[in-house]
Protein chains: 2
Amino acid sequence: MFSKACEYGIRSVLFIAEQSQLDKRPNIVEIAKAVDSPEPFTAKICQQLARSGIILSRKGPNGGFYLEKDSKLTLAEIVACIDGDSIFKGCSLGLPQCSAAHPCPVHDQFNDVREGLKKMCENTTVTQLSEKLRKGETFLKI
Amino acid sequence: MFSKACEYGIRSVLFIAEQSQLDKRPNIVEIAKAVDSPEPFTAKICQQLARSGIILSRKGPNGGFYLEKDSKLTLAEIVACIDGDSIFKGCSLGLPQCSAAHPCPVHDQFNDVREGLKKMCENTTVTQLSEKLRKGETFLKI
DNA sequence: TTTATTTCTGATAATTTTATCAGAAATAAG
DNA sequence: CTTATTTCTGATAAAATTATCAGAAATAAA
Ligand code: FES
Ligand code: FES
């Protein structure tokens, strides 16, 4: 469904969000540990997210990554930043473009699923998810 | 969503199904042309599908690939053969396993989407799709 | 100002996926 | 039986994704 990079990215952002609520600014070592992901690869991904303004970063001692207070960040924005929006817009059978006028054989069926995925990602906020995480109801690793 | 191999695989099977209805047995060259996919790669995929009995094949002159008459083949079987069933069962954030007892933060939300995808693939038959294809209502390439 | 810490950047390596190729095995048709 | 056709098999190549590494740039704290 999502690329590895995107999976790590979402997990990282959720951890950063949780820590931001506690006024902390986790660094890459802490993030990779909390999320059980390869450290340098996770760094790359966090840098990409920071460059596009999805998360914020501070260099130097006591630096790290954090989230804007009361950010309205959604899953959809993270996914689009890392994997692009082809999962939300592209043809499921790989035709150069999805179009109702020239549909592939599964167009109708997939439209529902894809629309469901899209709506879900757009309506799910990171804050909302990190809340449950903080309460210990959900987990970022085994 | 699906791998390139899986996209080519589904498109190929749909073309084979359409041609089977016309009592034809297209070969790799014809399939790759109809589906606009790289010929040798498509060959690999069709071989894999044939080996697992999802499609049938005949060597020699006038040989090619075909489908069992009145086959009840579904999309789900093709996807599982090529991409495995991780898209139907795996955790969307890449945790080693999806479980309601130890859920990732998006487990609930994704469960709906994934279940929708699964049901859709299981309930959509190749025959049903190739019918529309034969009528010229849907397309396998631009 | 100096030092320690941390993100950031660019180069590189490993792995997986995608794609190609040459030739063997099978089989229908003449 | 011979030949032409086609799938099948295994080796290989190219590209993309995933992962690592070394060092520069920034910054807070001493
Ligand atoms: S054309 Fe394939 S999903 Fe719309
Ligand atoms: S645990 Fe992640 S989707 Fe179920």
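Within every chain, numbering begins at 1; the chains are lettered A, B, ... in the order of the sequence lines, protein sequences first and strands thereafter.
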Find the distance [X]:[atom1] to [N]:[atom2] and express it as a whole number of Å.
| X | N | atom1 | atom2 | answer |
| --- | --- | --- | --- | --- |
| A:Gln48 | D:dT17 | CD | C1' | 13 Å |
| B:Ile45 | C:dA19 | CD1 | P | 8 Å |
| B:Asp83 | C:dT18 | CG | C1' | 13 Å |
| B:Arg25 | C:dA29 | CZ | C1' | 13 Å |
| A:Glu30 | C:dT5 | CD | C1' | 12 Å |
| B:Leu56 | C:dT27 | CG | C1' | 16 Å |

Using both distances under 3.5 Å as the test, list the Watson-Crick or G-U wobble partner of D:dG23, or none.
-> C:dC8
Base, sugar-phosphate, or nothing: which does B:Pro40 touch, judged by heavy atoms less than 4.0 Å apart?
->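 The answer is base, as B:Pro40 lies within the cut-off (heavy atoms under 4.0 Å) of a base atom.
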Using a 4.0 Å heavy-atom cut-off, write out nucleotides 6-17 of chain C from 5' to 3' as B (base contacted by protein), S (sugar-phosphate only) or - (no contact).
-> BBBBBB------
Cut-off 3.5 Å, side chains only: do [X] and [Y] have a donor facing an acceptor?
| X | Y | result |
| --- | --- | --- |
| B:Arg134 | B:Gln21 | yes |
| B:Thr74 | B:Thr125 | no |
| B:Thr42 | B:Ser12 | no |

Report whether B:Val13 and B:Leu56 are members of the same hydrophobic cluster (ILVMFWY, side-chain heavy atoms less than 4.5 Å apart, transitive linking).
->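 B:Val13 does not cluster with B:Leu56.
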Test salt bridge (charged side-chain N to carboxylate O under 4.0 Å, His left out) applied to B:Glu77 - qualifying residues, sequence neighbours left out = none
Phosphate contact (D:dA19 OP1 or OP2) by A:Tyr8 side-chain N/O below 4.0 Å |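 It does, given that an N or O in the side chain of A:Tyr8 lies less than 4.0 Å from OP1 or OP2 of D:dA19.
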Quick check, are the ring centers of A:Phe65 and A:Phe15 under 6.0 angstrom apart?
->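 Ring-ring flag for A:Phe65/A:Phe15: false, centres at least 6.0 Å apart.
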